[in-house]
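Ligands are counted one by one from 1 in listed order, and the atoms in each one are counted from 1 as well.
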Amino acid sequence: MASDVRWGEFDALFSALAHEDAPLVAARTSRQVTSPGIEVSPAFGRLLHTLAVASGARRVLEFGTLAGYSTIWLARAVGPLGRVVSLELDRGNAATARGHLEAAGVGTWVDILCGPAATTSARLVEAGVPVFDLVFIDADKASMPLYLERSLELTGPGALIVLDNVVRGGRVLAPQADPDSRGVREALAMADADPRLEVAALQTVSAKGWDGFAVLRRVA
Ligand code: SAH
Ligand code: DHB
Ligand code: MG
């Protein structure tokens, strides 16, 4: 399709505007992970950084680390006096990400907790950790409703919760949606029904396809 070519041209233009350095490029292009290439785009990484800086976030929680690409963007936003906790199922991915975080110079203020995020996030709740200012939910989509619930236990008013992959090539609205797509749809419905949350959802196109993200602002 001819429009794919144009999407690629704008990917290139907008990626250049993100001004990645070598450690970011290394994390984004890493093949030493379970699913290479599913990280956020450079433009979205930059947007996560901007959201975190603009909201004054000091503590960030991430569901789904992969090679640490989005993690680096978020860690640089909070700076060395901040903290990023990233939850990752796969040990190999976590080890790969650790290397990229060290190379990016942010390793000392990022923790990667290895294991199912349902378990590690429950541990954070039990431990009574200080609230997070921004949460990025980007792990297995079937569990998105649970991760949103956990995020509400781990944040307070003023927090931002960002959901990735809210379109999934249109599958999120398919009548016979797969469990991942159903999870996304349910999380959006939960957010919509929750008076504590104000939802801004946007769809995106790129050479990677048709997708989208949502920014939930916790108003209460
Ligand atoms: N946020 C990353 C991309 C994450 S890809 C970026 O943009 O750079 C999704 C990640 O979620 C993968 O690394 C996958 O291993 C992880 N994941 C899948 N199921 C999980 C689970 N149950 N608990 C924690 N992490 C999970
Ligand atoms: C997939 C997961 C993601 O988080 C993403 O941004 C793109 C694709 C996937 O599992 O296919
Ligand atoms: Mg994603």
Polar contact flag for E39 and ligand 1 (N/O pairs, less than 3.5 Å): no
Minimum-distance protein heavy atom relative to atom 26 (C) of ligand 1: L89 CB, 3.5 Å
Per-atom contacts, ligand 1 versus G115 - under 4.0 Å to a heavy atom: 23 (N), 24 (C)
Nitrogen or oxygen of P116 less than 3.5 angstrom from that of ligand 1: no
F213 and L163: CA distance, side-chain angles, deciding distance, side chain to side chain contact (heavy atoms under 4.5 Å, CB included) verdict: CA-CA 6 Å; F213 63 91; L163 313 178; over 6 Å; no
D138 atom (N/O/S) at minimal separation from the Mg ion (ligand 3): OD1
Atom 7 (O) of ligand 1 [closest protein heavy-atom partner, distance rounded to 0.1 Å]: V40 N, 2.9 Å
Ring geometry between F10 and F14 (parallel below 30°, tilted from 30 to 60°, perpendicular above 60°): tilted
Sub-3.5 Å N/O-N/O distance, I38 and ligand 1: no
salt_bridge(R28, E39) N-O dist < 4.0 Å: no
Donor-acceptor pair between T204 and D211 side chains, under 3.5 angstrom: no
Test item: R171 side-chain N/O and D178 main-chain N/O as donor-acceptor pair under 3.5 Å: no
Nearest to the Mg ion (ligand 3) - the N/O/S atom of D164, by atom name: OD2
For ligand 1, the portion of T65 having any non-hydrogen atom under 4.0 Å away: backbone
Under-4.0 Å salt bridge between E153 and R150: yes
Heavy atom of the protein closest to atom 6 (C) of ligand 1 (residue, atom name, distance): S70 OG, 3.0 Å
Enumerated ligand 1 atoms positioned under 4.0 Å from heavy atoms of N93: 13 (O), 15 (O)
Polar atom proximity, A117 to ligand 1 (N or O, under 3.5 Å): yes
E62 and S86: side chain donor to acceptor below 3.5 Å: yes
Polar contact flag, side-chain donor to acceptor under 3.5 angstrom, S143-D140: yes
Reported OG1-to-CG distance for the pair T155 and L134, which is rounded to 0.5 angstrom: 10.0 Å
Ligand 1 to F136 polar contact by distance, N or O atoms, under 3.5 Å: no
Within-shell test, E39 vs ligand 2, heavy atom, strictly < 4.0 Å: no
Spacing of T65 atom OG1 and D90 atom CG [to the nearest 0.5 Å]: 10.0 Å
For atom 19 (N) of ligand 1, closest protein heavy-atom neighbour: D140 OD1, 3.4 Å
Euclidean distance, L66 CG relative to L89 CG, rounded to 0.5 Å: 11.5 Å
Shortest protein heavy-atom distance from atom 13 (O) of ligand 1, along with the residue and atom involved: E88 OE1, 2.7 Å
Shortest protein heavy-atom distance from atom 2 (C) of ligand 2, along with the residue and atom involved: I38 CD1, 3.7 Å
For D138, the ligand 2 atoms whose distance to one of its heavy atoms is below 4.0 Å: 4 (O)
A139-ligand 2 polar pair, N/O distance under 3.5 Å: no
Contact atoms of ligand 1, heavy-atom distance to Y69 under 4.0 Å: 8 (O)
Donor-acceptor pair, side chain of D164 and main chain of D138, under 3.5 angstrom: no
Distance-only N or O hit between ligand 1 and A139, under 3.5 Å: no
Nearest neighbour of atom 3 (C) of ligand 2 from the list V40, N165, D180, D211, on a heavy-atom basis: N165
Pairing of R182 and E186 as salt bridge, 4.0 angstrom limit: no
Winner among L146, V33, D138, D90 once heavy atoms are compared against atom 3 (C) of ligand 1: D138
Side chain, backbone, both or neither: Y147 near ligand 1, heavy atoms under 4.0 Å: side chain
Residues R185 and D180 bridged, charged N to O under 4.0 Å: no
